[in-house]
2 protein chains.
Amino acid sequence: MKIMHKEHILTKNQQIIFDLIDKSPEPMKAYSILFNVQKKGIKAPLQVYRALDKLVEIGKIHKIESRNAFIACHNSSCQVANATAFSICEICEKVTEISSVGLSKYLANFKDKDGMKYSKYNLEFFGLCKKCTLK
Amino acid sequence: MKIMHKEHILTKNQQIIFDLIDKSPEPMKAYSILFNVQKKGIKAPLQVYRALDKLVEIGKIHKIESRNAFIACHNSSCQVANATAFSICEICEKVTEISSVGLSKYLANFKDKDGMKYSKYNLEFFGLCKKCTLK
DNA sequence: TACATAGTGTTATATTATAACAATCTAAAT
DNA sequence: ATTTAGATTGTTATAATATAACACTATGTA
Ligand SMILES: [Zn+2]
Ligand SMILES: [Zn+2]
Ligand SMILES: [Zn+2]
Ligand SMILES: [Zn+2]
């Protein structure tokens, strides 16, 4: 898996949008991001999507595909933008990035019957978080 | 993981839409499905989405989240709609459902640090298929 | 300077998905 | 056969997500 270093210098729009996502306790959707940064001069969807694309590319944030939402990478050992795993609570929608050495090793080495070699994966687990299990 | 039996009797719309997806060599998008079934009397997006929702629920088709597209389940040993894995070629967009006993066992038994128990997962691998590797 | 590359601002538009409501069908249960 | 509950349908309208196209600006570097 290709290593993506995260020490990019962010541009103004990228920084504004990253800061917002990074502070958010939950994944943010593009138009919610747009609404929240309009006071900072980012007025159009495209400005948001362009920043999001770049932030995803360099691994500062990840997209939760099943939710069309974006979360900051809080996986300290995660130097890659292309090997991601999340747990998602189906009640409260809490999303957590999973950092398991065992899991990432297993998936990075997984080979299917066709011998296709993978350069990237995304895994989303669904269930109930602790809080929601107790309710 | 809850077992979803697939021996549902499909309604007219569900059958029309399943047949179309099942014959397609590649994942189909909702509005492409709509276009293709208009001659059969299905005229509105909602009719398509409702059938898709049901077909996903009963495990006859799966949604490829990263592509917003739908593929028929061709995994003969797959009796569940909630434990899915796919390989996706980033050039030709060929999608294959992975049926690996090892993989599904590993993921079904995976537990994260928080002890969250999962009821469902979706895994998407990305890379180059054999054909595209040779080009 | 000259050039290439990446980022920006803007308008318009494409694509994906759901809300709301009335009508109809289906499968039991009386 | 009649009632009832639930799922499904048909329809119009609208919401939510994402990209095309184009002119312009910043930044690094040769
Ligand atoms: Zn990460
Ligand atoms: Zn929860
Ligand atoms: Zn399947
Ligand atoms: Zn390919």
Side-chain angles (χ1 to χ4, degrees), chain A residues 4-21 24 26-71 81 93 95 122 124, chain B residues 4-21 24 26-71 81 93 95 122 124:
Chain A
M4 299 287 299
H5 291 279
K6 290 181 183 172
E7 307 313 318
H8 287 254
I9 292 162
L10 301 183
T11 64
K12 184 165 67 75
N13 287 1
Q14 289 163 9
Q15 189 71 57
I16 290 168
I17 287 171
F18 174 72
D19 287 344
L20 179 67
I21 297 172
S24 171
E26 64 218 9
M28 293 196 74
K29 305 199 137 209
Y31 277 72
S32 158
I33 291 167
L34 174 58
F35 177 80
N36 278 278
V37 297
Q38 274 177 333
K39 48 187 169 263
K40 304 215 174 181
I42 296 175
K43 289 173 188 158
L46 245 198
Q47 296 174 284
V48 172
Y49 279 105
R50 285 196 283 225
L52 289 174
D53 285 351
K54 192 65 187 183
L55 291 167
V56 166
E57 184 192 329
I58 65 181
K60 299 279 290 183
I61 65 174
H62 304 301
K63 181 172 186 182
I64 311 299
E65 291 288 354
S66 65
R67 299 300 187 257
N68 299 314
F70 301 85
I71 191 175
E93 292 292 324
V95 173
N122 179 57
E124 298 180 5
Chain B
M4 299 287 300
H5 291 279
K6 291 181 184 171
E7 307 314 318
H8 287 254
I9 292 162
L10 302 182
T11 64
K12 185 165 67 74
N13 287 2
Q14 289 163 9
Q15 189 70 58
I16 290 169
I17 286 170
F18 174 72
D19 287 344
L20 179 67
I21 297 172
S24 170
E26 65 219 8
M28 294 196 74
K29 307 200 136 208
Y31 277 73
S32 158
I33 292 167
L34 175 58
F35 177 80
N36 278 278
V37 297
Q38 275 177 331
K39 47 186 171 265
K40 304 215 174 179
I42 297 175
K43 290 171 189 159
L46 204 40
Q47 295 174 284
V48 172
Y49 280 105
R50 284 197 283 226
L52 290 174
D53 285 350
K54 192 67 186 180
L55 291 167
V56 166
E57 183 191 330
I58 65 182
K60 299 279 290 183
I61 66 173
H62 303 301
K63 181 172 186 183
I64 311 300
E65 292 287 356
S66 66
R67 299 299 186 259
N68 298 315
F70 300 85
I71 191 174
E93 291 292 324
V95 174
N122 180 57
E124 298 180 5

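Being a predicted model, the structure only gives us computed values, none of them experimental. Quick note on labels: first sequence line is chain A, next is B, and so on, each numbered from 1.
One atom, CG of B/Asp53, and another, C1' of C/dT16, lie 13 Å apart when rounded to the nearest Å. Across the protein-nucleic acid pair, B/Leu46 atom CG and C/dT16 atom C1' stand 13 Å apart, rounded to whole Å. In this structure, the CG atom of B/Leu52 is 12 Å from the P atom of C/dT16, given to the nearest Å.
Among C/dA17, C/dA20, C/dG7, the nucleotide with an atom closest to any side-chain atom of B/Arg50 is C/dA20.
Side chain of A/Gln14 to backbone of A/Leu55: no donor-acceptor contact under 3.5 angstrom is found. Put simply, the side chain of B/Gln47 gets close to the backbone of B/Ala44: a donor and an acceptor are under 3.5 Å apart. Here the side chain of A/Lys29 pairs no donor or acceptor atom with the backbone of A/Phe70 at under 3.5 angstrom.
Checking A/Asn122 against A/Glu124 by side-chain atom types alone, a donor-acceptor pair falls below 3.5 Å.
Take the nearest nucleotide of DNA chain D for A/Lys63 and for B/Lys12: the residue whose nucleotide is more 5' is B/Lys12.
For C/dA14, the base has no donor-acceptor partner in the side chain of B/Tyr31 [N/O atoms by modelled type, under 3.5 angstrom].
Nucleotides of DNA chain D lying under 4.0 Å from heavy atoms of chain A occupy a range whose first and last members, 5' to 3', are D/dT17 to D/dA21.
B/Gln47 comes within 4.0 angstrom of a base, heavy atoms only.
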